[in-house]
Amino acid sequence: MSNIIQTVIIAPPCLDEAARCIREGGLVVFPTETVYGLGANALDKKAAAKIYTAKGRPSDNPLICHLASADEAEKYCETNRLYYKLAGRFMPGPLTVILPKKKNREGTYIIPDTVTGGLPNAALRVPSNEIAHGLIMAAGVPVAAPSANLSGSPSPTALRHVIEDMFGRVDVIIDGGDSEIGLESTVAAVFENEIKLLRPGAVTVEDLQTVCSNVTVDRAVFEKFDGIPLSPGMKYRHYAPRARVIMLDGDDPEIYSFLSGKQKCGILCYDEDKVLLERPNTLSLGSKSDHATQAHRLFACLRDLDDAGVIYARMPSRKGLGLAVFNRLIKAAGYEVINLRPGQHN
Ligand code: TXA
Ligand code: MG
């Protein structure tokens, strides 16, 4: 990038400078409970356009608008009863809903097309993180923000990741420590009587089913999809470190035997894989059944193994929050899986 911006790093509670920066059309990296976000005034076309430049992101990939409260959705989108049921249960929190955009009296969309990648729908989220909430309140405008990573690299879950990717590209970085959840929010399209899950996150399929009996999961969550996905972001090879990631599906004996023949590679496994953990460049995501710890560590582990050349990653469970861990890993792997189960061939 030719224009190097002088970046200021600030620590809360003083958010005035950051809020002013958002109002004046600048870029602010802020913590949320999921991952760090790269924010700008969502009602200012020029400010939102700067986000795409700072991230190196294709401009057809729409941004999430972060609001101070669930009721504010009314100002920008057509809401329905199901939205309010979801909001009552999961907002503030790690849930992003997709709803049709509203127009103003002149007939133009209130949330500009630059923010929504030209789509007639907008993505709305009400973060529970206190700093994020304080910033949106103090700015007095909705804040458009994608994850604060360079396009294609894993989302940032620690200040050091933000500095690696965004220093010199944004006006302000707010230090909020490590992200609590560590994976991006659940993205769900909300219709009258149906929810379509576009990206799994900490609000799980099982959680959504407590509010609506008709929850479907977009196939792009599981597999490579060459058509037009409902969520444009799903078509990009996201969350990828420089290293090539390959997923391994199989039980302990097959996995251990396969990896014993591999030298000089990174390995992502679980606490139970004691044999593997003795090797260099081997990181545990947590215990096999502890999906919250796996989510919390995944992106930092991918960054830490960035120089490994090849990273072999054991297949996570797809239950609960495990589905989100699975989705981010399979995307990091560009859907490359080696099936080591007896009798199965790739
Ligand atoms: O946790 C999160 O969601 C973080 C924090 C900062 O809030 N944000 C985040 O934003 O992950 P981003 O831009 O990295 O991912 C947003 C996803 C993308 O896959 C995008 O395509 C999808 O949401 N999305 C946004 N607006 C959409 C829309 N109008 N229709 C369908 N999908 C949309
Ligand atoms: Mg992202």
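Ligands are counted one by one from 1 in listed order, and the atoms in each one are counted from 1 as well. We count residues from 1, following the sequence as given.
Heavy-atom proximity to Gly37, at under 4.0 Å, picks out these atoms of ligand 1: 6 (C). Short contacts between ligand 1 and Ile64, defined as distances under 4.0 Å to a heavy atom of the residue, involve ligand atoms 3 (O), 8 (N), 9 (C), 10 (O), 16 (C). Heavy-atom contacts of Ser147 reach the following atoms of ligand 1: 8 (N), 9 (C), 10 (O), 12 (P), 14 (O) (cutoff under 4.0 Å). Within ligand 1, counting atoms from 1 as listed, the ones closer than 4.0 Å to a heavy atom of Leu119 are 28 (C), 29 (N), 30 (N).
Using a 4.0 Å cut-off between heavy atoms, Leu38 makes no contact with ligand 1 at all. Heavy atoms of Arg57 found under 4.0 angstrom from ligand 1 belong exclusively to the side chain.
Using a 3.5 Å distance cut-off with no hydrogens or angles, the side chains of Asp207 and Thr210 do not pair a donor with an acceptor. If you check the side chains of Tyr84 and Glu74, you find a donor sitting under 3.5 Å from an acceptor. Side-chain atoms of Thr53 and Arg169 include no donor-acceptor pair closer than 3.5 Å.
At least one N or O atom of Asn121 sits closer than 3.5 Å to an N or O atom of ligand 1. Checking only distances, His66 does come within under 3.5 Å of ligand 1, N or O to N or O. Residue Arg199 has at least one nitrogen or oxygen atom sitting less than 3.5 Å from a nitrogen or oxygen atom of ligand 1, judged on distance alone. The shortest N/O to N/O separation between Lys55 and ligand 1 does not fall below 3.5 Å.
Applying the salt bridge (Lys or Arg N to Asp or Glu O under 4.0 Å) test to every pair with at least one member in residues 279-300, sequence neighbours left out, gives these pairs: Asp252-Lys288.
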Using the rule given for ring-ring contact (aromatic ring centres under 6.0 Å, His included), can you reason through Phe299 versus His161, listing the C-alpha separation, both sets of side-chain angles and the distance that settles it, and then say yes or no?
CA-CA 10 Å; Phe299 287 145; His161 304 156; 8.9 Å; no

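The heavy atom nearest to atom 33 (C) of ligand 1, out of those in Ser155, Pro31, Pro94, Pro62, is found in Pro62. Comparing Thr186, Ile98, Asn61 by heavy-atom distance to atom 28 (C) of ligand 1, the nearest is Ile98.
The salt bridge (charged side-chain N to carboxylate O under 4.0 Å, His left out) test applied to Glu206 returns no partner, not counting sequence neighbours.
Using a cut-off of 2.8 Å, one finds that Ser147 contributes an N/O/S atom close to the Mg ion (ligand 2).
Between Phe258 and Tyr312, the angle of the ring planes goes over 60°, which puts this pair in the perpendicular group of the 30/60° scheme.
The one candidate from Lys103, Lys101, Lys45 that meets the salt bridge (Lys or Arg N to Asp or Glu O under 4.0 Å) condition with Asp113 is Lys101.
By the 4.0 Å heavy-atom criterion, Thr116 is excluded from the residues contacting ligand 1.
To the nearest 0.5 Å, the span separating CD1 on Ile111 from CG on Leu124 amounts to 5.5 Å.
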